[in-house]
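Structure first, commentary second.
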Amino acid sequence: MRKPENQIIVIFGASGDLTKRKLVPSLYDLFVQNLLPEKYAIIGVSRSDLGDENFRSQMKEGIQKYAQSENKSLIDDFLKTICYQSVDAKSAESFFLLKARLNKINSEFDIPEKVIFYLSTPPSLYSIIPENLAKIGLNDESNGWKRIIIEKPFGYNHETAQELNASLKQNWNENQIYRIDHYLGKETVQNVLVTRFSNGIFEPLWNRNYIHHIEITSAESIGVEKRGGYYDGSGALRDMIQNHLLQLVGLIAMEPPSSMDSESIRNETEKVFQSIRKISEKDVHKFVIRGQYINSTVKGEKMLGYREEEGVNPESKTETYAALKFYIDNWRWGGIPFYIRTGKRLPTRVTEAVIHFKSTPHFLFQKEAVNGGSNQLIIRIQPDEGILLKIGMKIPGSGFNVQTVNMDFHYSDLPHKFLPSAYERLLLDSMLGDSTLFARGDAVMSAWEFLDPVIKAWESDKSIPVYGYPCGTWGPEVADDLIEEDGTTWRYPCKNLADDEIYCEL
Ligand code: BG6
């Protein structure tokens, strides 16, 4: 694998949870695999007055707990490359301290002026930090490239996302901006492209002639945990669908790119987003269902309802579940429904896409046993990462009785079972300057444009219900009514890819 060129990584929001749980442990994992540059430095930045040693010991804890690598013997070596700089992100003067620190590192360790600024901060700082960096020339690429990585949420709706984009574009070019969507960093999400475009058998079937509908589920069994304050201003639609799940739709629905370079792939996903049929505000109740978990007892354990969670308004209407149906108006997908659902406090943690193929034109066998001859391809993103095809097979013995059987591949069957974490992959790509797995500005805008009417209708039309659902269930039952075909429901997946019975042990 290619090693990135020498550079400095600056992490704003260094005292936050993401830095400790994901970013620094992922950098350590890269270090262990010898995938960090020959010469590099990591500077943690936040307002707290921490000092290098304190920061290092916090990061040590994070690495010990969260790094994937089993080899923890290199932690002290790795920590030598980390330091800390206190900066008040809102004060332009304070950025001179950062510049001085960068200059010192540049000259002391002979590292070039190539810098990544990772913004792992509250979104209210996404404009101000890039602006303050630019004020002191830290966006200037004449002596080495400069990149900024921006965490989600990128905006709160179409208008605010546009404002943020416009503010960034005043000082930074699109090729310097890396909008992170950690779903794109997941191996199994990238494998959608490999499944589709490295196998001759799938692509000829991958269209409205052979596919009946597409279903994407991203379920979590946890609630909002300690993030009630953030989540109550966000909700499932903004938190999961606008970014992660629409990006997944982009990869499932796109045309083959002309090559695997960043622009070709991102051009194709953007075309998908532009072709998604808008849901008008007055039709939102027909196409979108929202729900909220209510207090309940699951396997003897009492669980709080969403409105009782810390940081949540007791009268909140924020959705912890959302399911929607939409169409992509182009030649490949005309008339084929796409269904997406996501929620917290569902029975299990699972993310998968199910391609439901059309049934045979005339079914010769007993129909009930095998979904009337319709095959399903299940692309399992997590857990039990893999892929599964459901096909009908003859039950041995007299007659022609048919049963559905699974052909499945599990990543865990590979001799090297190690799947790099999403952050590890994305950090490495940003260091290499490969933006393929980062969301481009126009795609983010198109995703907001599609969801804006839903957001507006939910805000203004009080008659659209927020359905309560007990913890540990698959959300409001009315979500089944979104599925067009009589008798067809969502799939009820289990944590094991091959088990998909409704009553499996979750
Ligand atoms: C984050 C959301 O982006 O993704 C969280 O803010 C959610 O609410 C998380 O829990 C899910 O990510 P993953 O990788 O666990 O599926």
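Note that ligands are numbered from 1 as they come in the structure, with each ligand's atoms numbered from 1 the same way.
Considering only non-hydrogen atoms, atom 5 (C) of ligand 1 lies nearest to Arg227 out of Arg227, Glu220, Arg238, Lys186.
Protein heavy atom in closest approach to atom 15 (O) of ligand 1: Arg349 NH2, 3.1 Å. The nearest protein atom to atom 6 (O) of ligand 1, hydrogens excluded, is given as Asp239 OD1, 2.6 Å; this is a heavy-atom distance. Looking only at heavy atoms of the protein, atom 12 (O) of ligand 1 is closest to His182 NE2, 3.1 Å.
With a heavy-atom cut-off of 4.0 Å, Tyr183 touches ligand 1 through its side chain alone.
When atom types are taken as modelled, the side chain of Asp181 and the backbone of Ala439 share no donor-acceptor pair closer than 3.5 angstrom. At distances below 3.5 Å, at least one donor-acceptor pair connects side-chain atoms of Arg56 with backbone N or O atoms of Leu79.
Of the charged side-chain nitrogens involved, at least one lies within less than 4.0 Å of a carboxylate oxygen, so that Glu61 and Lys20 count as a salt-bridged pair. Look at Asp452 and Lys278 and you find no salt bridge, because none of the NZ, NE, NH1 or NH2 atoms lies under 4.0 Å from a carboxylate O.
Short contacts between ligand 1 and Lys344, defined as distances under 4.0 Å to a heavy atom of the residue, involve ligand atoms 5 (C), 7 (C), 8 (O), 10 (O). Proximity to Lys152 (heavy-atom distance under 4.0 Å) selects the following atoms of ligand 1: 1 (C), 2 (C), 3 (O), 6 (O).
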task = Could you walk me through whether Thr473 and Tyr293 pass side chain to side chain donor-acceptor pair (under 3.5 Å), step by step?
result = CA-CA 9 Å; Thr473 66; Tyr293 59 83; over 6 Å; no

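For Asp434 and Thr436, the side-chain atoms include at least one donor-acceptor pair closer than 3.5 Å.
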